[in-house]
Undergrad: 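Could you have a look at this structure, given as structure tokens, before my questions?
Values in this document were obtained by computation on a predicted structure and should not be read as measured data. Along the sequence shown, residues are numbered consecutively beginning with 1.
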Amino acid sequence: MHSQTPLPENKFALVYCVDKTMLPMALFSAQDALNNSRNRAFDIVICSLDPLELPESLSPLDIRFEHLPLRDTIEGLDLPLGGWLPVTTYMRLWLCQHFADRYERLLYLDADTTVPGKKISSLFHFDLHENPVAGTRDVLQWRRPDRGIHDFDVRNMHGHAYLNAGVTLFDVPRFNHLKCLERMLAFVAQDRNILHHDQSLLNLVLLEERAELGPDWNWQWTRDFPYFSEKAQPQIIHFCGYPKPWVPEGTPYYPAELQTRYAAFFATHFPHLAFTPLAGRKARLPLWKRALVVLDHLRHLPAYRRLRRRFPDETVVH
């Protein structure tokens, strides 16, 4: 199933896997990566199970589209989806197989990300200590690294780091050599009791074959800690909570500049998604909620500092 496209100059690619619904968010993120990355030496590829097209207004962007003919394959496997996820969530597991003859490393990003950092090109060169994948610890373990995670706990696998798959760096030859995809499919065929789907598959099957990146490479911005998030100045921001910044309800939880950019992007390129951020009193959390947010920040400041000490700069890999 390898692509027949000739080998391009770049050995690395930043990849999104989306359907038509999430395409606008992925393009917003991709545009950030194009505009902000210093000395860019990677392609940007948007993968889908059905053919997608770049809006004419965004045609100047250097973005490739790739149709992966995997819908029948993935749907035929009847993988757990929890009743709410689209099958596209599993596409990332096939990326290394599909691009085996084209790229050496792939950086997968969820569509609900932005790329404010300038150092994405450097990430492709990190030493992963012979591991096929690398990612950042899930935000659930930022405050308590030993916090139990359901898909580990039900299998009596305690005390392990649980990586968030919303930003995943793949070593393509290593992933294929170790038959990671085949092993994950064999696992889920025997054990379908997986709460977090493909993310848990990566963690369970590759338990001893994962490198841990620092939080700057997948800063998981939740509504609980906006002040820490604004101070962090990470390379990649992942809006893993709700509401998202591209809806008016997200106004109180995100910087005005970010919402303004989303609103302008959608109004220009996807008018059917155009929105107006909340204004005035509606744009602010009630005083009592703001007080709770401040108290939570103070209470978890030691945990935030411990997290930072584990990764004194973004080049550290565990």
Undergrad: Show me the donor-acceptor pairs, under 3.5 Å and distance only, between side chains in residues 44-55 and residues at least two apart or in other chains.
TA:
from, atom 1, to, atom 2, distance (Å)
S48, OG, D50, O, 2.5
D50, OD1, R71, NE, 3.4
D50, OD2, R71, NH2, 2.6

Undergrad: Considering residues at least two apart in sequence or located in another chain, which fulfil the side-chain contact (heavy atoms from CB on, under 4.5 Å) criterion with H125?
TA: F12
Undergrad: Who passes salt bridge (Lys or Arg N to Asp or Glu O under 4.0 Å) against D146, sequence neighbours left out?
TA: R144
Undergrad: State which residues pass salt bridge (Lys or Arg N to Asp or Glu O under 4.0 Å) with D191; sequence neighbours excluded, sorted by chain then number.
TA: R155
Undergrad: Suppose we screen for salt bridge (Lys or Arg N to Asp or Glu O under 4.0 Å). Which residues come up paired with R281, at least two apart in sequence or across chains?
TA: none
Undergrad: Just grab all the ring-ring contact (aromatic ring centres under 6.0 Å, His included) pairs involving residues 62-82, residues at least two apart or on different chains.
TA: none
Undergrad: How would you list all residue pairs meeting ring-ring contact (aromatic ring centres under 6.0 Å, His included) that involve residues 40-64, not counting sequence neighbours?
TA: F42-F124
Undergrad: Residues two or more places apart in sequence or in another chain: which of them pass side-chain contact (heavy atoms from CB on, under 4.5 Å) with T268?
TA: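 T268 satisfies side-chain contact (heavy atoms from CB on, under 4.5 Å) with no other residue.
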Undergrad: Could you list all the ring-ring contact (aromatic ring centres under 6.0 Å, His included) pairs where at least one residue sits in residues 168-189, not counting sequence neighbours?
TA: F170-F175
Undergrad: Got a sec, which hydrophobics cluster with V316, joining ILVMFWY side chains under 4.5 Å apart, including via others?
TA: F311
Undergrad: Considering residues at least two apart in sequence or located in another chain, which fulfil the salt bridge (Lys or Arg N to Asp or Glu O under 4.0 Å) criterion with D78?
TA: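 Residues passing salt bridge (Lys or Arg N to Asp or Glu O under 4.0 Å) with D78: R192.
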Undergrad: Does L178 sit in a hydrophobic cluster with other residues, and if so which ones, taking ILVMFWY side chains as linked at heavy-atom separations under 4.5 Å, directly or through other members?
TA: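 Traced through the cluster, L178 reaches no other member.
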Undergrad: Between atom CD of Q190 and atom CG of L185, what is the distance when rounded to the nearest 0.5 Å?
TA: 12.0 Å
Undergrad: Does the distance from a Lys or Arg side-chain N to an Asp or Glu carboxylate O, for K11 and D43, drop under 4.0 Å?
TA: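 Salt bridge absent between K11 and D43.
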